[in-house]
There are 2 protein chains.
Amino acid sequence: MYKPATIKDIALALKLSPSTVSRALRDGYEISTETKKLVMDYAKQVNYKSNPIALSLKNRRSYSIGIVVPKLANSFFSQAIAGIESIAYERGYHTIITQTHDSSERELINVNHLAQRSVDGLLISMSAGTSDYTFLKTLHDDGLPIVFFDRIISEIETFKVTSDNFRGAYNATESLIKAERKKIALLSNAPQLSITNERLAGYMSALADHNIPFKPELIRNCVKGGNDYQEVEDAVKDLLALADKPDAIFISSDRISISCIRALKNLNFDPKEIAIAGFSNSDVVDLLQPSLSYVKQKSFEMGQVAVEMLLRLIESKYPITEFETRILDTELHLIK
Amino acid sequence: MYKPATIKDIALALKLSPSTVSRALRDGYEISTETKKLVMDYAKQVNYKSNPIALSLKNRRSYSIGIVVPKLANSFFSQAIAGIESIAYERGYHTIITQTHDSSERELINVNHLAQRSVDGLLISMSAGTSDYTFLKTLHDDGLPIVFFDRIISEIETFKVTSDNFRGAYNATESLIKAERKKIALLSNAPQLSITNERLAGYMSALADHNIPFKPELIRNCVKGGNDYQEVEDAVKDLLALADKPDAIFISSDRISISCIRALKNLNFDPKEIAIAGFSNSDVVDLLQPSLSYVKQKSFEMGQVAVEMLLRLIESKYPITEFETRILDTELHLIK
DNA sequence: GTTCAAATCGGCAACGATTGCATAAAAATT
DNA sequence: AATTTTTATGCAATCGTTGCCGATTTGAAC
């Protein structure tokens, strides 16, 4: 049975009271130098480490923050987490990472687990499956600091950070137009996500600005967000079977972009026939064949911004009522 | 300030004692039906959830397990984590994921944090940078259940699970030989890792079995394990500048495989001139150009096996002294 | 010699939940 | 009516730590 040394053990061994040991370890002014040395030496000897669980219980502060993302296998999120950690560690906080696999049940469980494990705050990017936010609203109303990133929601007023999805989608779509493409299809993500709608708006706006009529029949929603390859392949097959076949596809999500590339390869389509552009933060996107022009989000920076907002909330002495939503711009990488 | 409802709050509101409330909530046989209903209804009303921190403190059991991996952005590890979660959740355990970025300092901090947060056990795949295992040995000797997966060590006796790295490397190397390649270079990982040496042995054995002389000058160690692209590009450039230039490269690590592909592309090498085969669990490896024959590990299964071993350790009533090291076979995917 | 203050240290309580033991009240038995 | 049994509930300790108050000792000042 794993049982680390406690203050009581030290007190017993040294015939002191637990309070004295505690103060000696924290270098309290009321303890004599000899006692301090005695305690500290013995503590080192038995490898004493203060128990954060007991401290959490007493202080309701844990110096750890919870992270909830849909999928770690998604490069965007692992990059954002790296950004979060880079700041959090520096400021003395630990991170506890959980993933939901885009399931709202899992999300509910993970969030509650983190909240009850007394994390000091929560960084969350919403799952595609979630439409009921009351569990988050309850926690937030009870005073748990929460910051949303990337997949944000409007139902809760707090700090948020996301990408300029509108402009990213606009630019990518425009790049296809400038490459002489006229019939640009859209492979879209789950419709309840903020990013889905912003990207759709960017796509439509680019079409409008270039006097290309918007055709709803060129849009396919992949509600499983690329977690299900077959759904994407079916959508692609469907699009390419249209009488008025599209000559380009804009893909509004990372995982769907990958699946679309695979579908085009499996269906043996000529890359010249179909141009593709899409959102992707994959670190190998430049090595993929067929190749993809891609919109890259500033994932690492987004993680950093999010955690800085959260620490502001956590460490503020007075309740904060003025919130900000930061929008980070995106980078368009063209590939001929 | 975030402050969820406690048993005391309920007791006060209902004019009962905390003990009665506790027993009513756990459906104790000694509590009258009316009292139970009263308590349960009120608990639901104020959204009462038992505080796992308090329980951890009392029971020294948290029903959560700690996971320590080098890098989440590495597909192998995110797949293994998914495997771990698939079993852990089913058995009522939570997971706490941390990454070390292959830094042994970070590893030490994360492991200690998890141990003190009273996880019931630890699943760990070692960082490339670690050579001193005393911190783990101390925890293990103190009774903390630990299971190693993938990057295992021999210094601590416990359950372990890894891939058949020898055979994977052997088969991949042999496939290059069968494709008429005679001068096969090796891009290798950090030498203190178990997997590095096993894969090196497989490579050498395949050469020997086919009467190809082993040439040390064809081996390059990338000690940063592909975390540093430049290191890999330099190694590749160096190999291709040899007078007796290799006609194939076997790459013994996931991240290095990707970097090597990028290097070959950046250096504009003719794919026909250099055949490559390597370990990779990337989910887009089949879409990469130049293409790669790859050895895929059973990552998901490995996570499942590891967590099952850990739960055996955790839930065993008596100390376990007979340990097992499971070896999972690998899959070779050939690409012409 | 008396009073007071500083220097050290111990004891108690509390954080939230559980549980063995004791106790109270009500019901059943004699 | 007295006693036992059943039923329901409260008390106190526990986990590890720390804040607060009180106690003791020592020395100095008057």
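Rounded to a whole Å, the CD1 atom of A:Ile31 is 18 Å from the P atom of C:dA6. Atoms CG (B:Leu55) and P (C:dT18) sit 5 Å apart, rounded to a whole Å. Between A:Ile7 atom CD1 and D:dC15 atom P the separation is 14 Å, expressed in whole Å. What separates CD of A:Glu30 from P of D:dG22 is a distance of 15 Å, to the nearest Å. The distance from atom CG of B:Asp9 to atom P of C:dA14 is 15 Å, rounded to the nearest whole Å. When the P atom of D:dA8 is taken as reference, atom NZ of B:Lys37 falls 14 Å away, rounded to whole Å. Atom P of nucleotide D:dT14 and atom CG of B:Leu57 are separated by 13 Å, given to the nearest angstrom. Rounded to an integer number of Å, the gap from CZ of B:Arg61 to P of C:dT18 is 15 Å.
Without hydrogens or angle criteria, B:Thr162 side chain to B:Leu328 main chain gives no donor-acceptor distance under 3.5 Å. Judged purely by atom type and a 3.5 angstrom limit, A:Glu107 uses its side chain to pair as donor or acceptor with the backbone of A:Ser127.
Donor-acceptor pairing under 3.5 Å, judged by distance alone, is absent between the side chain of A:Ser19 and the base of C:dG10. Donor-acceptor pairing under 3.5 Å, judged by distance alone, is present between the side chain of A:Arg23 and the base of C:dG10. A donor and an acceptor atom never sit less than 3.5 Å apart when one is taken from the side chain of B:Arg60 and the other from the base of D:dG16.
Summary of the strand contacts: B:Ala54 and B:Thr20 both lie near DNA chain D, and taking for each the nucleotide with the nearest heavy atom, the more 5' one is attributed to B:Thr20.
Across all strands shown, A:Arg26 has heavy atoms under 4.0 Å from sugar-phosphate atoms exclusively, and none from any base. If you check every strand for non-hydrogen atoms under 4.0 Å, A:Thr35 touches sugar and phosphate atoms only. Backbone-only contact: B:Leu16 has heavy atoms under 4.0 Å from sugar-phosphate atoms and none from a base. A:Ser32 comes within 4.0 angstrom of sugar-phosphate atoms only, judged by non-hydrogen atoms across all strands, and of no base. Nucleic acid contact class of B:Tyr48 (heavy atoms, under 4.0 Å, all strands): sugar-phosphate only. Among the atoms of the strands shown, none is found under 4.0 Å from any heavy atom of A:Lys36. If you check every strand for non-hydrogen atoms under 4.0 Å, A:Thr6 touches sugar and phosphate atoms only. Residue contacts shown for A:Ser56 are absent, as no nucleic acid heavy atom lies under 4.0 Å away.
If you check C:dT18, C:dC15, D:dC15 against the side chain of B:Ser22, the one that comes closest is C:dT18.
A salt bridge is absent between A:Arg106 and B:Glu85; no separation between the charged side-chain nitrogens and carboxylate oxygens falls under 4.0 Å. Looking at A:Asp120 and A:Arg61, a side-chain N of the basic residue comes within less than 4.0 Å of a carboxylate O on the acidic one, giving a salt bridge.
Within the 4.0 Å cut-off from OP1 or OP2 of C:dG16, not a single side-chain nitrogen or oxygen of B:Lys49 is found. Side-chain nitrogen and oxygen atoms of B:Ser50 include none within less than 4.0 Å of the OP1 or OP2 phosphate oxygen of C:dA17.
Residue B:Ile67 is tested with B:Leu114, B:Asn110, B:Ile81 for a side-chain contact (heavy atoms from CB on, under 4.5 Å); the sole match is B:Ile81. If you run side-chain contact (heavy atoms from CB on, under 4.5 Å) between A:Lys160 and each of A:Val305, A:Val147, A:Asp150, A:Ile152, only A:Ile152 comes through.
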